[in-house]
Every structure is written in C-alpha cells, then in structure tokens.
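Report on the structure given below.
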Amino acid sequence: MSTEPPPEFPPGFRWGVATSAYQIEGGATAAGRGTSIWDTFARTPGRIADGSTGEVACDHWHRHREDVALLAGLGVSAYRFSVAWPRVQPGGTGPANAAGLDFYDRLVDDLAAAGVDPVATLYHWDLPQPLEDAGGWLARDTAARFAEYADLVAARLGDRVRLWITLNEPFVQLSLGYGTGEHAPGRALLFDAFPVAHHQLLGHGLAVAALRARSAAPVALTNNYSPVRVAGDGGADRAAADAYDALHNRLFTDPLLGLGYPRLPMAVEPGTVRDGDLAVIAAPIDVLGVNYYNPTGVRAPEAGSPLPFELVELPGHPRTASGWPVAPDGLRELLTGLRARYGERLPPIQVTENGCAYDDVPDADGRVHDPQRIAYLDGHLRALRAALDDGVAVTGYFAWSLLDNWEWAEGFTRRFGLVHVDFATGARTPKSSYSWFRGVVTRPTPAGE
Ligand code: IFM
C-alpha cells in the first residue's frame with residue numbers, strides 16, 4: 001500500500017457504502033414478505049457453496065438501528081440499500097403491502113436523522129417467485145410489473161430518497177441467473193436468454209417514467225463493468241475479446257444511452273425488440289452507476305465451444321479470497337474508457353460498488369485487522385482520483401460493503417464488509433478498514449476548493 005495519505009476529492013463528493021436486501025435483511029417471512037427467486041434457489045440442494053440461505057443473513061431486519069448507527073459512526077454522506085420487491089408486492093403484482101414499505105419508510109427516516117442520504121436500488125435480483133413462475137425476465141410482462149412496483153415505492157419514499165437506482169447489474173442477472181444458472185432462478189439458456197436483457201432494460205425505461213411521474217429523482221441504472229484484456233495476440237483472440245466486451249460492457253449501456261444494441265454474438269428472436277422500445281429504454285437518466293471489481297482476460301475459444309470466447313486468469317495480479325485479480329488501474333481505464341466511448345451522452349458517474357473479500361478473523365482481543373482491504377480501497381481511490389484528473393465526471397463512490405453478508409451462491413464464505421459480522425450471533429465488529437475509510441470520508445475539504 002502507498003505510504004502517501006489517500007488522495008483528496010472535490011467538495012460535495014458523495015461518500016457511501018452499499019448493501020442489498022437479500023444479502024443482509026433476513027426477516028424472510030416478516031410483515032407479509034413473499035418468496036423471491038433467491039429463497040427458492042437457496043433452498044435447492046447443491047446451489048449454495050455452504051448450503052446456507054439468506055433467511056436470516058445479517059438480521060438487518062431486526063438490527064437496522066444498530067446498522068444506521070454504524071453508518072453515522074463511519075461518517076459517510078450516503079447509504080445505498082435495496083428494496084425487496086417481495087416485501088412490497090408479495091405476489092409480484094397488485095397493491096402495496098404497507099407493512100413491507102413501513103420498514104423502508106423507517107429506515108429512510110432514520111438515515112435522514114443520522115445525516116446520511118438514502119440511495120435506493122429497486123431491483124437487486126430478488127424477483128418475486130410468482131413472477132418467475134409466469135416466465136420471469138423472459139416474459140415481457142415482467143417489465144410492466146417492475147414499473148408498477150417502482151411506482152408503489154416512489155409513492156411512499158419519493159420525497160426522501162436522494163438517488164434512485166432502477167436495476168443493479170442486469171448483466172449478472174442475465175448471464176448467471178438465466179445464462180449459466182449459477183444464480184437464481186438457475187436457468188441455463190446461454191444465448192437464448194437474450195430476452196432477459198431486453199425486458200430488464202424495458203423495465204428500467206418504464207420505471208424511469210414511473211419515478212419521474214412521482215417526481216422521484218435523480219434516477220440511475222447501475223451496471224458492473226470489466227475492462228477486457230486480450231489474452232493472446234491473434235486476430236481470433238481480439239475478436240473474442242470484442243464479443244465479450246459487447247456482452248459484458250455494452251449490451252446494457254449502448255441502448256441506455258441512445259445507441260441501440262451493439263453487434264451481439266447471438267441471434268435476437270424477431271418480435272423481442274418492438275417498435276418504440278429503444279426510445280423507452282433511452283429515457284434520459286441523471287447518473288450512471290458503475291460497479292467495478294476487476295478486469296477480465298479473454299481469448300479465442302477451443303473448437304466446438306458453445307461460446308465465442310473463453311475467459312482466462314490474468315497473470316501478475318494478487319487475488320482476493322474470491323480469486324479475483326486486484327487491478328486498481330482497471331478502474332481508471334474503465335472510467336476514461338466510458339467517457340471515450342460515450343462522450344457527451346455519458347451522464348455523471350457514481351461508483352456504486354467497489355470492494356473485496358478476504359478471510360477476516362477476529363484476533364485474540366476480538367479486533368479485526370484487514371490491511372489487504374485497506375490496500376485495495378486505497379489503490380482504487382487513487383485510480384479514481386486519477387480518472388477525475390483525466391476529466392471524467394465522477395460525483396460519488398460507494399464501498400461494497402458495509403457488512404460482511406450473504407454472498408449469493410458463495411453463501412457466507414466471502415467477507416466483503418468494513419464491519420465484521422459473526423454469522424452465528426449477528427454481532428458486528430468494525431474492522432480496521434472501517435476506521436481507515438472514516439478517515440478518508442471525513443477528511444476536511446482542501447482550502448481554496
Ligand atoms: O455481493 C455482490 C453484489 O450483490 C453485487 N455486486 C458484486 C458484489 C460482490 O460479488
């Protein structure tokens with residue numbers, strides 16, 4: 001890690017931490033919550049690495065006041081959480097379940113009282129199971145249902161949420177949820193999953209209209225991006241890298257910013273993209289949410305592969321406990337690359353997730369030291385500062401995550417938090433990265449800026 005103090009950021013820069021509903025809340029049946037695709041998936045033997053579910057997770061449902069106090073102690077100006085659709089519409093349609101919305105109403109008020117801006121994500125992968133039973137994101141109707149749900153949430157929270165994020169990482173929902181089946185709902189359709197991409201985007205566009213109709217703004221969509229590094233020097237490797245880049249980095253962003261779909265390595269069934277859809281999808285947004293974890297190595301596939309690329313390990317990088325390469329320069333490359341690709345179309349960016357998993361354990365005194373996480377965050381903040389200096393408009397940064405939590409198919413085996421959670425008792429212990437991050441976010445603004 002650099003011995004220099006972390007770089008300075010402009011006055012008013014938004015500092016936050018992020019979480020998502022199913023990963024922390026628990027309270028799986030509390031206050032009328034319905035079943036989501038993740039409840040179903042996690043209960044299916046063999047799907048989750050440690051056989052766990054998010055039924056209790058970090059028990060945030062009962063401990064949210066303690067978690068708001070942790071946010072206040074951290075000194076962040078914003079908290080990004082997600083609303084669980086099955087709490088608001090247990091069956092995926094129909095009127096709001098008031099008791100479910102009450103929870104978020106209280107949370108938003110508690111955040112405001114603590115001086116922390118609420119940033120709400122509407123969809124962080126927890127589709128109500130009844131909607132999946134009716135086709136899930138493969139069904140066009142799910143886009144309309146999503147807008148209906150957005151309207152219900154905006155009607156209740158629209159006056160206090162400071163940034164709305166419609167979808168989190170639709171590429172992950174597409175690729176792992178419906179492409180390979182490693183995530184809920186566990187469907188392995190490979191490229192036949194394309195309608196999932198289009199219907200998420202359409203749902204986003206319809207939800208933007210619903211939010212605007214309630215004066216709920218500003219509005220964003222969050223993608224995860226991964227700069228592609230070509231492994232190999234042949235033209236076939238470059239073509240494979242371009243195909244992967246189109247899928248991972250452009251499939252959701254090109255249409256969102258008014259460019260229509262890029263050339264994709266799959267056929268699109270006629271009738272999926274209808275007249276007028278692209279205009280709905282390209283409704284102006286105020287902020288682009290950018291999640292960054294690591295770059296991806298890509299080369300040409302072996303003969304007979306069902307995919308037009310092969311993902312390979314990138315040599316020469318340290319790795320997190322998830323096995324992901326640590327490459328802070330990838331964040332600068334990504335941000336400057338987005339600006340180069342989209343130019344004036346690009347709205348201001350907020351980095352809505354960035355972080356790392358390590359096997360953090362309390363020492364004999366119960367303290368949790370996580371120097372690797374501090375080094376990771378420090379390196380990425382330097383890369384972010386460099387991107388600002390390159391002229392990219394970035395107005396916020398959220399570390400993933402406030403708490404160690406339930407990491408999807410990896411269950412409780414990955415710890416991403418600034419705060420350690422004892423998953424047996426729920427006890428929270430701020431790690432050394434929590435104090436370090438507090439120092440960064442509460443640093444006085446430089447004189448003269
Ligand atoms: O935990 C996830 C989060 O839900 C979405 N972005 C990546 C994180 C780490 O895998």
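Just follow the structure's listing: the first ligand is 1, and inside any ligand the first atom is 1. Computation of the quantities below employed the complete heavy-atom set of this structure, encompassing side-chain atoms and omitting hydrogens, waters and symmetry-equivalent molecules.
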(Q) Check for me whether the distance between the ring centres of Trp125 and Tyr22 falls short of 6.0 Å. (A)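 No, they do not, as the ring centres are separated by 6.0 Å or more.
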Q) Does the ring centre of Trp15 sit less than 6.0 Å away from the ring centre of Phe398? A) no
Q | Side chain, backbone, both or neither: the part of Glu353 lying under 4.0 Å from ligand 1 by heavy atom | A |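 Just the side chain.
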Q) What part of Trp324 sits under 4.0 Å from ligand 1 if we count only heavy atoms: the side chain, the backbone, both or neither? A) side chain
Polar side chain donor-acceptor pair, [X] to [Y], under 3.5 angstrom:
X: Tyr292; Y: Trp400; answer: no
X: Tyr261; Y: His198; answer: yes
X: Asn291; Y: Tyr225; answer: no

Tell me whether [X] has any N or O atom under 3.5 angstrom from an N or O of ligand 1.
X: Asn291; answer: no
X: Glu407; answer: yes
X: His124; answer: yes
X: Trp408; answer: yes
X: Ser20; answer: no

Q: Check ligand 1 against Glu169 and write out every atom of the ligand that is under 4.0 Å from a heavy-atom position of the residue.
A: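 Contacts of ligand 1 toward Glu169, numbered from 1: 5 (C), 6 (N), 7 (C).
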Q | Ionic contact status for Asp404 with Lys431, cut-off 4.0 Å | A | yes
Q: State plainly whether the residues Arg156 and Asp102 are in salt-bridge range, i.e. N to O under 4.0 Å.
A: yes
Q. Nearest protein heavy atom to atom 8 (C) of ligand 1, by residue and atom, and its distance?
A. Tyr293 OH, 3.4 Å
